[in-house]
Asker: 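Sharing a structure, written as structure tokens. Questions coming.
We use all heavy atoms of the structure for the numbers below, so side chains are in, but hydrogens, waters and symmetry mates are not.
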Amino acid sequence: MLAGLSSQTPDKIMALMRAYAADPRTDKIDLGVGVFRDPAGRTPVMAAVKTAEERLWRNQDTKTYVALEGDPAYLAALSGLVLGDAVPADRRAAIATPGGTGAVRMGLELARLANPSARIFVPDPSWPNHAAIIGFLGLERVDYRYYDAQARGLNIDGMLADLGRAGPGDVVLLHGCCHNPTGADLSAQDWQAVAGLLAETGAMAMVDIAYQGFGAGLEADAEGLRILARQVPELLVATSCSKNFGIYRERAGALFALAPDGPTRDLAQSNLTMLNRQTYAFPPDHGARVVTEILTDPALRADWQAELEGMRLHMQRQRQGLADTLRDLGGSDRFAHLGAQRGMFSLLGATPDQVERMRAEHGVYMIGDSRINVAGLSPDLIPRVAQAMLAVGL
């Protein structure tokens, strides 16, 4: 049977990781893989996470299953972090998931259950796994304009025009903050416009918020999502703890379904619970317990927020440092947008040939569409990256 399988195209990021590992150069630079790195190039375990794990090790007295939906305390704590008081608790259905990717998958599975012919409107560009999961589930994907590569900024007029074609039974996928791969986010006014458009068309939004705290701040990054939640009757929210808690390998995420009333909420909850049961039964819990411990202990939460803010400011300094260095070396402000964007990622606007030249000639690794992880930069690396960019004609 196995010989009848079709060969699958390797994941581009995983292929980049393998190529980087095989490169013998000692001065190579990894700007591809989307993990936070400190100035020393490490991805450390956050101090609050260490403390929470030690408490669990000392106090946890069982490893039995949690509920199919996940630990209620975890879902309540994470719901408060992401949604605040934007929507009453009795309108929120929720499940714990294996990371943000699991949440996206479960959200799209729920949409398919509700309407097998749903069209999923996806920003162009977007995180590649969005399109991959949509295609694997057999759903129709419709790309909408989002980023203007020439202007190097958000194309809000094109976005709203394209989303005007969505209707009841369709899903509009939105990035909650720190857009991957562009770093170009919607403003509060833009979120208001999207909310108004959804009210007119009857389409349902699904917000993927994987980087809360990495952009303008923990609360500011959730502002747009909360604007939407207050104004639309239904909403799906996929969230991840991988980045802002630094627990990538623990796979802690959640999916929230916001319903207009109690009976619809109960209906959504029963379907979400069924999806967990049929997909992986009980969700993983160690990372979820760590997050719960942090969010429900005021002192530990304060420590975590302070460390998260330090991570955010580090990335913003690297952004601005690269923009300033490119201006000084190139005599032009054409990369000023790098300093104004938010989160881990930005697009450099390089061609595939330029991306390959930066790898081959300068040891600078990035995704083929020229997405860079600014957290992979450090003050001593910025001049080399800037010089490599200019050397290949950027």
Asker: Would one find more than 12 heavy atoms of other residues, nucleotides or ligands at under 6.0 Å from atom CZ of Arg277?
Answerer: no

Asker: Using the side-chain hydrogen bond (donor to acceptor under 3.5 Å, both in side chains) rule, take His130 and Asp208 through it: C-alpha gap first, then chi angles, then the decisive distance, then the call.
Answerer: CA-CA 10 Å; His130 285 147; Asp208 184 359; 2.8 Å; yes

Asker: Using 4.0 Å as the upper bound for N to carboxylate O, is an ion pair formed by Arg289 and Glu293?
Answerer: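 Arg289 and Glu293: not salt-bridged.
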
Asker: Kindly give the heavy-atom pair with the smallest separation between Glu223 and Ala188, and that separation in Å.
Answerer: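 Nearest heavy atoms, Glu223 then Ala188: OE2-CB, 3.7 Å.
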
Asker: Verify the distance criterion only: is there a donor paired with an acceptor across the side chains of Thr264 and Asp261 at less than 3.5 Å?
Answerer: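 There is such a pair between these side chains.
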
Asker: If you group Ile, Leu, Val, Met, Phe, Trp and Tyr by side-chain heavy-atom gaps below 4.5 Å, do Phe136 and Leu173 land in one group?
Answerer: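 Per the 4.5 Å side-chain linkage, Phe136 and Leu173 are not co-clustered.
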
Asker: Just by distance, do the side chain of Asp221 and the backbone of Cys177 share a donor-acceptor pair under 3.5 Å?
Answerer: no

Asker: Tell me whether Leu326 shares a hydrophobic cluster with Met358, the cluster being built from Ile, Leu, Val, Met, Phe, Trp, Tyr side chains joined at under 4.5 Å.
Answerer: yes

Asker: Side-chain contact, heavy-atom cut-off 4.5 Å: Arg319 with His337?
Answerer: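 No, too far: nothing below the 4.5 Å cut-off.
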
Asker: Cluster question for you: counting only ILVMFWY and a side-chain heavy-atom cut-off of under 4.5 Å, with indirect links fine, are Leu81 and Ile95 together?
Answerer: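 Cluster IDs for Leu81 and Ile95 differ.
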
Asker: For the pair Arg357 (side chain) and Ala388 (backbone), establish whether a donor and an acceptor sit closer than 3.5 Å, ignoring hydrogens and angles.
Answerer: no

Asker: How about CD on Glu356, more than 12 heavy atoms from neighbouring residues, nucleotides or ligands closer than 6.0 Å, or not?
Answerer: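 Atom CD in Glu356 is packed in, count exceeds 12.
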
Asker: Using only atom types and a distance under 3.5 Å, with no angle test, would you say the side chain of Arg145 pairs donor to acceptor with the backbone of Asp157?
Answerer: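 Checked: no pair found.
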
Asker: Minimum heavy-atom separation for Ala195 and Gln231, please, with both atom names.
Answerer: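 Shortest heavy-atom contact: CB-OE1, 3.7 Å.
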
Asker: Check for a donor-acceptor pair, side chain of Asn271 on one end and backbone N or O of Leu267 on the other, with a separation under 3.5 Å.
Answerer: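 The answer is yes, because a donor-acceptor pair under 3.5 Å joins these two groups.
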
Asker: Any non-hydrogen side-chain atom of Thr279 less than 4.5 Å from a side-chain atom of Met106?
Answerer: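 Contact flag for Thr279/Met106 side chains = yes.
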
Asker: May I ask whether Met344 and Leu174 are part of the same hydrophobic cluster, defined by side-chain heavy atoms of I, L, V, M, F, W, Y residues being less than 4.5 angstrom apart, directly or through others?
Answerer: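 Linked, Met344 and Leu174 end up in one cluster.
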
Asker: Walk me through whether Arg226 and Asp85 qualify under salt bridge (Lys or Arg N to Asp or Glu O under 4.0 Å).
Answerer: CA-CA 8 Å; Arg226 295 173 186 176; Asp85 61 359; over 6 Å; no

Asker: Could you check whether atom CZ of Arg25 has more than 12 heavy atoms from other residues, nucleotides or ligands sitting under 6.0 Å from it?
Answerer: yes

Asker: Would you say Tyr147 and Arg152 make side-chain contact, with heavy atoms under 4.5 Å?
Answerer: yes

Asker: List the atom of Thr182, the atom of Gln341, and the distance in Å for their closest heavy-atom pair.
Answerer: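 Result for this residue pair: O-OE1, 2.9 Å.
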
Asker: Just verifying a value: how many Å separate Ser240 OG and Leu255 CG, rounded to the nearest 0.5 Å?
Answerer: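 So the gap between those two atoms works out to 12.5 Å.
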
Asker: Please determine whether a side-chain nitrogen of the Lys or Arg among Arg165 and Asp170 lies less than 4.0 Å from a carboxylate oxygen of the Asp or Glu.
Answerer: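 Result for this pair is no, no salt bridge flagged.
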
Asker: Let me confirm one number: the CZ-CG distance from Arg301 to Asp303, rounded to the nearest 0.5 Å.
Answerer: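 The CZ atom of Arg301 sits 12.5 Å away from the CG atom of Asp303.
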
Asker: Test Val172 against Met159 for side-chain contact (heavy atoms from CB on, under 4.5 Å), laying out the working first.
Answerer: CA-CA 11 Å; Val172 172; Met159 174 182 176; over 6 Å; no

Asker: When you check the gap from the basic side-chain N to the acidic O, do Glu54 and Arg58 get nearer than 4.0 Å?
Answerer: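 Judged by the 4.0 Å cut-off on N to carboxylate O distance, Glu54 and Arg58 do form a salt bridge.
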
Asker: Going by distance alone, is a donor N or O of one side chain under 3.5 Å from an acceptor N or O of the other, for Arg105 and Thr97?
Answerer: no

Asker: Compare all side-chain heavy atoms of Gln320 with those of Asp324 and state whether any distance is below 4.5 angstrom.
Answerer: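 They are in contact (side-chain heavy atoms under 4.5 Å apart), so the answer is yes.
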
Asker: Any donor-acceptor pair under 3.5 Å linking the side chain of Thr239 with the backbone of Ile209?
Answerer: yes

Asker: Looking only at heavy atoms, what is the nearest atom pair of Leu236 and Ala257, with distance?
Answerer: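 For Leu236 versus Ala257, the nearest heavy atoms are CD2-CB, 3.7 Å.
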
Asker: Taking atom OH of Tyr280 as the centre, does the number of heavy atoms from other residues, nucleotides or ligands within less than 6.0 Å exceed 12?
Answerer: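 Count over threshold, so yes.
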
Asker: Okay, side chain of Gln354, backbone of Val392: is any donor-acceptor separation there less than 3.5 Å?
Answerer: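 Such a contact is found between Gln354 side chain and Val392 backbone.
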
Asker: Is any side-chain heavy atom of Leu31 closer than 4.5 Å to a side-chain heavy atom of Arg371?
Answerer: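 With C-beta onward as the side chain, the pair stays apart.
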
Asker: State, to 0.1 Å, how close Ala205 and Leu228 come at their nearest heavy-atom pair, and which atoms those are.
Answerer: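 Taking Ala205 first and Leu228 second, the nearest heavy atoms are CB-CD2, 3.8 Å.
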
Asker: Would you call Lys28-Asp30 a salt bridge at under 4.0 Å N-O?
Answerer: no

Asker: Whether the side chain of Ser370 engages the backbone of Ala350 through a donor-acceptor N/O pair (distance < 3.5 Å, no angle test) should be reported.
Answerer: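 Flag set: sc Ser370 to bb Ala350 pair under 3.5 Å.
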
Asker: Is the NZ or CZ atom of Arg312 both under 6.0 Å from the centre of the six-membered ring of Phe214 and within 45° of that ring's axis?
Answerer: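 No, a cation-pi geometry is absent between Arg312 and Phe214.
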
Asker: With side-chain contact (heavy atoms from CB on, under 4.5 Å) as the criterion, how do Val374 and Ile372 come out once you've worked through the C-alpha distance, each side chain's angles and the decisive distance to 0.1 Å?
Answerer: CA-CA 6 Å; Val374 297; Ile372 63 166; 4.1 Å; yes

Asker: Are any of the side-chain nitrogens in Asp185 or Arg342 under 4.0 Å away from the carboxylate oxygens of its partner?
Answerer: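 Looking at Asp185 and Arg342, the cut-off is not met.
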
Asker: Would a 4.5 Å heavy-atom cut-off, applied to side chains only, mark Arg112 and Leu139 as touching?
Answerer: yes

Asker: Inspect the contact between Lys50 and Glu53 and indicate whether a charged nitrogen and a carboxylate oxygen are less than 4.0 angstrom apart.
Answerer: no

Asker: Is it the case that the ring center of Phe282 lies less than 6.0 angstrom away from the ring center of Tyr65?
Answerer: yes

Asker: Is the ring pair Tyr146/Tyr144 parallel, tilted or perpendicular, if the boundaries are 30 and 60 degrees?
Answerer: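 Perpendicular.
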
Asker: How long is the gap from CG on Asp148 to CG on Leu154, to the nearest 0.5 Å?
Answerer: 9.5 Å

Asker: Under 4.5 Å between any side-chain heavy atoms of Thr325 and Asp328, yes or no?
Answerer: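 Side chain of Thr325 against side chain of Asp328, heavy atoms only: no contact under 4.5 Å found.
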
Asker: I need the Asp285 CG to Tyr74 OH distance, nearest 0.5 Å.
Answerer: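 One finds 9.5 Å between CG of Asp285 and OH of Tyr74.
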
Asker: Just say parallel, tilted or perpendicular for the rings of Phe345 and Tyr211, cut-offs at 30° and 60°.
Answerer: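 Answer is perpendicular, since the angle exceeds 60°.
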
Asker: So, Glu307 side chain and Ala47 main chain: donor-acceptor pair closer than 3.5 Å or not?
Answerer: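 Yes, because the side chain of Glu307 sits within donor-acceptor range (under 3.5 Å) of the backbone of Ala47.
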
Asker: Do other residues, nucleotides or ligands put more than 12 heavy atoms under 6.0 Å from Met17 CE?
Answerer: no

Asker: Answer with yes or no whether the hydrophobic clustering places Ile13 together with Tyr365; edges join I, L, V, M, F, W, Y residues whose side-chain heavy atoms lie under 4.5 Å apart.
Answerer: yes

Asker: So, Thr273 side chain and Gln269 main chain: donor-acceptor pair closer than 3.5 Å or not?
Answerer: yes

Asker: So, for Asn276 and Leu68, which heavy atoms are closest and what is the spacing to 0.1 Å?
Answerer: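 Shortest heavy-atom contact: ND2-O, 2.8 Å.
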
Asker: To the nearest 0.5 Å, what is the distance between CG (Asn373) and CD (Gln318)?
Answerer: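 Output value for this atom pair is 11.0 Å.
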
Asker: Looking at side-chain heavy atoms only, is the closest gap between Gln212 and Asn244 below 4.5 Å?
Answerer: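 A side-chain contact exists here, since the closest heavy-atom pair is under 4.5 Å.
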
Asker: How many angstroms lie between CG in Asp162 and CG in Asp124, if you round to the nearest 0.5 Å?
Answerer: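 So the CG of Asp162 and the CG of Asp124 are separated by 9.5 Å.
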
Asker: Between Arg327 (side chain) and Ser332 (backbone), is there a donor-acceptor pair under 3.5 Å?
Answerer: no

Asker: Taking the inter-plane angle between the rings of His314 and Phe36 on a 0 to 90° scale, is it parallel (under 30°), tilted (30 to 60°) or perpendicular (over 60°)?
Answerer: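 It falls in the perpendicular class, over 60°.
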
Asker: If we count only N and O atoms by modelled type, under 3.5 Å, do the side chains of Arg37 and Thr43 hold a donor and an acceptor together?
Answerer: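 Note: Arg37 and Thr43 side chains miss the donor-acceptor criterion.
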
Asker: Between Asp353 and Thr351, do the side chains contain a donor N or O and an acceptor N or O under 3.5 Å apart?
Answerer: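 Their side chains do not contain a donor-acceptor pair, so the 3.5 Å distance test is not met.
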
